[in-house]
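Letters go in sequence order (proteins before strands), and every chain restarts at 1. As the structure is a computational prediction, the values presented were derived from the model and not from experiment.
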Amino acid sequence: MYVADTRTRPAGPGATPGLPAPPPATRAPAGLAWRAVPATVLVLGTVSLITDVSAEMVTAVLPLYLVTGLGLSPLGFGLLDGIYNGASALVRLVGGHLADRGRRYKSMAALGYGLSALCKPALLIVHSVAGISAVLAMDRTGKGLRTAPRDAMISLAASPEAQGRSFGVHRAMDTAGALLGPVVAIVVMHAAADGFDAVFTVSFCVAATGVVVLLLFVPGRVPQPGPAESGPGEQAAVSLRAAVSLLGDRALRRLTLCALLLGLATVSDSFLYLILQRDLDLSGEWFPLLPLGTSAAFLLLAVPLGRTADRFGRWRVFLAGHGGLLVAYGLLLAPAGGAALPAVVLVLHGAFYAATDGVLMAAAAGSVPQRLRSSGLALVQTGQVGARFACSLLFGAAWTAWGDHAALAAATAALAACTAAAVALRPGRAGLRPGRVAR
Amino acid sequence: MSVRARLAVLAAVVMVLAGVATAAVVHASGRAAGRDHQQASGPVIRPGRVVLAAPAGERLVFRSTAWGPHRDELVSVPAADPAGPRTASGVRCLRFHAAGGTGICLRRVPGAVGESYRAVVLDADLRERHHYPLGGIPTRARVSPSGRMVAWTVFVSGDSYAGTVFSTRTSILDTRTWRLEGSLEDYRIVRDGRAYRSPDANFWGVTFADDTHFYATLATGGQTYLVRGDVTARTVTTLRSNVECPSLSPDGTRLAFKKRVAGLPADAPWRLTVLDLRTMRETAPAERRNVDDQALWLDGRTLAYALPGDYGSDLWTVPADGGGSPRRLTTAALAPAVVG
């Protein structure tokens with residue numbers, strides 16, 4: 001059974017509505033999709049891919065390392081995870097704000113990636129529960145610091161009509177790395193005859209390569225906003241107050257509110273897999289494969305759905321993603337089982353991430369002035385991550401009180417209600433004014 | 001810097017890092033090869049026949065972690081001379097227990113897509129009777145005194161970015177009907193007299209009283225409980241809090257367990273403790289170190305347990321009544337069972 005939810009991977013950035021369709025004249029023909037993705041986005045995608053290979057290598061062997069390598073009884077900890085999650089949300093805000101000051105997106109991202117890279121050799125040195133918890137917390141801090149600046153760089157590099165596509169390409173590359181990581185770990189474990197130190201060392205080398213690619217190939221200067229695109233307040237200073245006052249903007253406030261509302265009704269992955277496993281009486285050995293199903297669907301659908309979002313409206317795609325999740329919940333609640341059920345649920349779950357994860361950032365980018373891009377994205381992400389964390393606590397409590405299916409039924413009702421509320425709020429409308437769209 | 005210069009820098013850095021990575025793998029692989037050579041100071045180990053019965057006096061069967069060709073094999077030694085020469089069976093297990101002529105061996109199985117684990121039920125000649133796939137890393141195994149019922153616990157790790165959330169899954173198998181209860185979480189939980197359910201319920205460390213009743217640990221809401229379970233009624237009932245990995249004495253009156261003691265470091269929070277089930281009074285054996293193991297009763301008075309040692313772990317023993325002092329039984333050993 002799962003103790004608490006901690007999945008933060010695809011939740012990285014969040015999800016919400018968004019930007020509207022660009023005017024038809026600016027639409028790129030389908031074949032130009034890749035060409036229309038800026039080089040910076042491809043480089044950032046490469047950095048994420050490499051970094052995820054490194055991170056997931058460690059994730060894949062860490063349980064075995066703790067139990068057989070260190071002889072720890074792992075149930076003693078893990079509960080602290082939730083606290084780190086909360087802290088990482090704050091770190092995200094800090095990282096986002098600091099990056100906007102002096103437009104230091106690249107430096108902040110490098111700091112974040114570098115910090116996480118340094119955690120790998122640290123694993124070779126520490127052998128206690130406290131030490132390992134500290135290293136994992138540092139790793140989370142690195143992830144928190146880099147996420148918003150990186151997403152800001154993606155949104156600043158991409159043209160307004162290519163936001164969804166660019167985030168889609170980035171998320172697809174990121175997920176590919178996450179899928180590759182465990183495979184690399186297995187190969188190294190095999191070659192090194194169960195040498196965990198070899199896995200950690202190789203993981204560090206991979207992470208360091210990611211940092212070097214970032215330092216060498218991501219442009220350090222972000223173009224200044226031209227006079228034509230300076231919206232209200234575009235010339236003002238970058239301050240904490242300015243970042244907070246972003247919420248004064250109606251479009252962004254509504255967007256954040258929608259992300260938060262929908263996050264409150266998004267059951268954590270762990271719970272979803274647990275219900276799937278219990279419903280199907282899935283044998284334990286298949287259990288670890290469930291997240292791979294979600295990731296594979298996410299990987300395959302991130303780019304097409306990102307492009308769909310650019311074309312038909314990010315807000316619509318974002319809502320449709322939640323609709324898909326609603327269907328997945330419904331299928332889990334329905335009495336009918338069948339061999340196809342887990343596949344359909346996992347595809348819908350992956351599609352949900354593909355339709356909401358990068359798409360939310362693409363949507364939010366349109367409501368945040370350039371000079372506060374990273375703070376604004378961090379704000380939306382934090383709202384969503386915090387809401388999802390709250391949801392996993394509530395869901396756990398509901399499970400205890402009512403049982404798994406009743407809890408899921410409640411979550412389904414909540415998701416339906418929140419989706420309806422999000423439809424009513426229609427944050428995407430603000431984005432329909434072309435002057436407000438990104439850049 | 002021109003693109004070409006940057007590519008050159010990248011190539012140079014990747015070369016250096018690839019060198020470091022390769023060196024780490026080669027070093028680890030060489031070190032592993034060293035473990036296949038018998039250590040000079042280690043116990044004498046000879047291949048031979050190991051059975052889960054002892055016509056010629058009591059014997060101890062356990063996993064030998066001594067370096068050499070028989071590393072991780074089940075070995076047997078006379079109970080009277082546990083540090084003496086070991087007879088190696090050729091059967092490899094990570095965790096093991098035996099009673100009533102039945103053995104349970106939790107084993108690692110190398111596969112094309114990484115490691116997997118398997119629970120293997122052994123007959124008295126250590127031949128496989130049945131095996132079952134495991135969904136996690138093996139940690140505890142027990143056989144009921146008659147040899148009919150078998151239980152095991154594995155660690156299952158959650159899918160989280162940093163991978164630190166663990167849960168356990170405990171299964172119970174009837175070797176007469178081969179009916180497998182995949183997870184104790186499907187049992188009805190009665191806590192403080194009332195039905196209870198929670199997604200964070202975790203079970204581990206079963207010890208059998210007979211073929212129907214058992215004790216185990218239930219963790220939920222940040223608390224651990226001693227539960228008494230009934231296989232027929234499919235129910236577990238909480239008896240007491242702060243009890244982990246119980247082990248029932250041969251006469252069924254006492255439980256040895258790990259007790260989490262406040263004020264001890266988070267890494268080493270446990271003390272070996274004995275609970276008298278008639279009086280519910282606790283006794284602290286003379287072992288004052290952190291014991292993270294499901295203890296074994298060597299007889300009605302003596303406990304055996306594993307502590308970290310130079311070659312994985314060593315087996316130690318201490319009187320259950322609080323007297324005496326801890327004594328090392330043998331080095332490089334884990335997961336013992338008494339046969340005979």
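Ring geometry for H130(B) versus Y132(B): interplanar angle under 30°, hence parallel rather than tilted (30 to 60°).
Counting heavy-atom pairs closer than 4.5 Å to chain B, the top-ranked of the candidates G195(A), A185(A), A192(A), G403(A) is A192(A). Heavy-atom pairs under 4.5 Å with chain A were tallied for V3(B), V20(B), V25(B); the largest tally goes to V25(B). Of the listed residues (D404(A), L215(A), D197(A)), the one with the most heavy-atom contacts under 4.5 Å to chain B is D197(A).
The backbone N or O of W402(A) lies less than 3.5 Å from a partner atom in the side chain of R197(B), making a donor-acceptor pair.
At a cut-off of 3.5 Å, with distance as the only test, a side-chain donor of T294(A) or Y273(A) sits close to an acceptor on the other residue.
Contact annotation for R118(B): neither backbone nor side-chain heavy atoms come within less than 4.5 Å of a heavy atom of chain A. Using a 4.5 Å cut-off between heavy atoms, L7(B) contacts chain A through both its backbone and its side chain. Both the backbone and the side chain of F217(A) come within less than 4.5 Å of a heavy atom of chain B. Only the side chain of I137(B) comes within less than 4.5 Å of a heavy atom of chain A; its backbone N, CA, C and O stay farther away. Looking at A401(A), only its backbone comes within 4.5 Å of chain B, counting heavy atoms on both sides.
If you take CG on L216(A) and CE on M1(B), they are separated by 5.5 Å, rounding to the nearest 0.5 Å. Here S64(B) contributes atom OG and R71(B) contributes atom CZ; the two are 10.0 Å apart, rounded to the nearest 0.5 Å.
Residues F204(A) and P121(A) share a closest heavy-atom pair of CD1-CD, 3.4 Å.
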